[in-house]
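Notes for the one structure printed next.
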There are 2 protein chains.
Amino acid sequence: MSASTPPPPPQPLPLPRATVARLEAVLSIGAHLIPHPRKAASGGEDAFFANSDAGGVFAIADGVSGWAEKNVNPALFSRELMRNSSNFLNDEALQVSHDPQILLMKAHAATSSIGSATVIIAMLEKTGTLKIASVGDCGLKVIRKGQVMFSISPQEHYFDCPYQISSEAEGQTYKDALVCSVNLMEGDIIVSGSDGLFDNIFDQEIVSIISESPSVDEAAKALAELARKHSVDVRFDSPYSMEARSRGFDVPWWKKLLGGKLIGGKMDDITVVVAQVKTVVVPEDEVQGGDTEEQKGNEQGAAAVVAYKMNDEEVA
Amino acid sequence: MSASTPPPPPQPLPLPRATVARLEAVLSIGAHLIPHPRKAASGGEDAFFANSDAGGVFAIADGVSGWAEKNVNPALFSRELMRNSSNFLNDEALQVSHDPQILLMKAHAATSSIGSATVIIAMLEKTGTLKIASVGDCGLKVIRKGQVMFSISPQEHYFDCPYQISSEAEGQTYKDALVCSVNLMEGDIIVSGSDGLFDNIFDQEIVSIISESPSVDEAAKALAELARKHSVDVRFDSPYSMEARSRGFDVPWWKKLLGGKLIGGKMDDITVVVAQVKTVVVPEDEVQGGDTEEQKGNEQGAAAVVAYKMNDEEVA
């Protein structure tokens with residue numbers, strides 16, 4: 001035995017606080033709306049919202065114009081539906097489920113305007129999964145490495161009569177929605193729009209514009225402007241006129257004999273949302289604490305945008 | 001206090017055993033394969049499997065024919081990939097995750113043949129969600145109430161050169177797969193196939209045949225036979241020839257002046273899987289115990305079918 005006492009055990013060095021972080025997928029979102037040429041004064045009947053919080057959420061509603069014949073402004077329903085969708089994002093149940101079909105159910109139930117609308121809602125999970133609920137003929141495509149790799153199909157009762165969320169009992173509900181999801185990767189581009197976009201522009205044109213645009217904002221504007229140009233071009237063989245002919249609609253037989261065929265763009269309200277998937281590093285503290293600065297940093301600037309064209313805005 | 005003791009507490013009556021049951025979505029699956037006319041003797045290079053256990057799983061692989069130039073039989077890779085996919089269904093991890101992308105990863109890793117193939121794997125969750133992983137240009141469409149309401153897009157490097165799972169390092173892997181899912185309802189019809197189907201048949205034709213067919217087996221056969229008929233019709237303006245023209249391929253200018261254009265079907269192996277979503281009532285005991293009789297009851301009869309055409313089978 002030694003006469004001296006053992007030295008005190010070494011004290012653990014104070015470690016620097018561990019840096020814990022994880023990757024989260026977020027959306028950078030741009031949007032552009034051009035009303036139907038004859039509806040420029042009223043702003044048209046499309047509406048949308050974009051919200052960069054919690055990964056990224058956007059929605060588009062296209063008010064069904066037939067309501068004008070009943071002296072109802074078709075824009076009121078689509079605009080209120082979008083306002084309500086945006087408001088319900090803060091709903092606790094929705095923040096847990098992050099389910100676009102539930103958001104559609106709640107927003108529809110809260111909408112008191114008379115009318116109906118086609119609608120699409122898309123929500124990005126932090127893991128990169130885009131969840132989609134769609135009723136009617138709004139469209140959504142995903143472009144990866146220069147090609148359309150995912151797209152959803154319109155639902156309609158018959159040609160030019162889409163499924164629609166309505167103030168009336170005979171309309172569709174969230175239960176009739178096409179509900180699907182797609183796993184996205186960093187760099188993927190989402191192009192969504194009302195039928196005014198996809199009736200007037202081909203996939204190759206979309207891919208080409210996306211490849212040339214320096215930002216999601218400019219891509220959305222360029223897509224809307226090209227669709228608008230085609231929509232008023234009576235000589236453009238548009239996706240709409242090709243679809244109409246394939247359904248048996250065409251010019252009378254004597255015009256066919258002269259080489260004529262149903263052709264031209266389709267004038268309509270045109271709404272375009274372009275979103276790009278980005279990955280951000282989120283420190284664990286912030287992960288637990290809620291939204292981060294990065295998540296809010298999109299081209300829209302503000303956390304939420306609910307929009308439609310008003311009288312005093314630029315129209316085309 | 002009373003002098004008498006209290007009566008014994010009443011004994012609970014023996015209740016009849018509660019009947020606990022829940023609804024599960026399952027698939028009824030039919031399939032049909034017709035080899036390329038010039039590959040009838042060898043059975044062609046497509047392969048597929050269909051398995052009605054655990055809701056329903058099917059897969060299609062289309063061997064890339066370019067391997068024949070290197071004296072490799074292009075059918076070996078696609079057939080082994082399908083056999084391995086079928087075998088890994090019993091893998092414990094897969095039974096938990098029920099993830100087609102993981103199944104593709106495992107099947108690919110286990111495949112030792114030289115070659116490459118496009119591939120699609122689809123798995124139905126008991127809740128009705130169809131999960132899909134696809135590499136290349138196999139297709140899948142969902143038909144609800146007489147219309148195509150969901151379809152996936154082909155991925156390709158350039159026209160006629162699809163993404164492909166390969167024995168070589170430069171090929172694609174499960175990481176390159178398009179991974180998506182769609183919520184299905186009772187009665188929904190899934191039509192999936194190799195590009196030999198979708199290059200030769202239009203959506204309206206698919207919808208029409210589905211509406212006229214008394215069973216998934218007969219629907220698969222009728223779709224394959226119509227695609228086969230179009231594929232050898234040099235006057236049929238097929239989806240393939242329309243796509244080729246839209247990519248800038250066409251007949252020489254002097255033929256165009258004479259009114260000619262690139263036209264005709266595309267001869268190829270044609271594989272078709274048609275599946276219908278059904279709902280079955282599953283007693284809780286069986287839910288816990290595993291697969292039920294109903295889940296096995298599909299038109300394939302057996303629990304699993306791994307198939308490709310052999311020399312002695314009917315070809316068309």
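Values below: all heavy atoms of this structure, side chains included; hydrogens, waters and symmetry mates excluded. Sequence lines set the chain letters: A, B, ... in the order given, protein chains first and strands last, and positions in each chain run from 1.
Chain B forms more heavy-atom pairs under 4.5 Å with one residue of A:Thr129, A:Val148, A:Leu178, A:Val142 than with any other, namely A:Leu178. No other option in A:Met149, A:Gln155, A:Gln204 has as many heavy-atom pairs under 4.5 Å with chain B as A:Met149.
Under the 4.5 Å side-chain criterion, counting only non-hydrogen atoms from C-beta, B:Val179 is not in contact with A:Val182.
Proximity to chain B (any heavy atom under 4.5 Å) is restricted, for A:Tyr163, to the side chain, taken from C-beta onward. When heavy atoms are compared at a cutoff of 4.5 Å, A:Lys145 approaches chain B solely by way of its side chain, counted from C-beta outward.
Counting all heavy atoms, side chain and backbone alike, A:Met185 lies closest to B:Lys175 at CE-O, 3.1 Å.
With rounding to the nearest 0.5 angstrom, the CG atom of B:Asn183 is 9.5 Å from the NZ atom of A:Lys131. Atoms OG and CD1, on B:Ser151 and A:Ile152 in that order, are 10.0 Å from each other to the nearest 0.5 Å. Rounding to the nearest 0.5 Å gives a distance of 10.5 Å between CG of A:Leu184 and SG of B:Cys180.
Side-chain atoms of B:Gln147 come within 3.5 Å of backbone atoms of A:Glu156 as a donor-acceptor pair (strictly under, hydrogens ignored).
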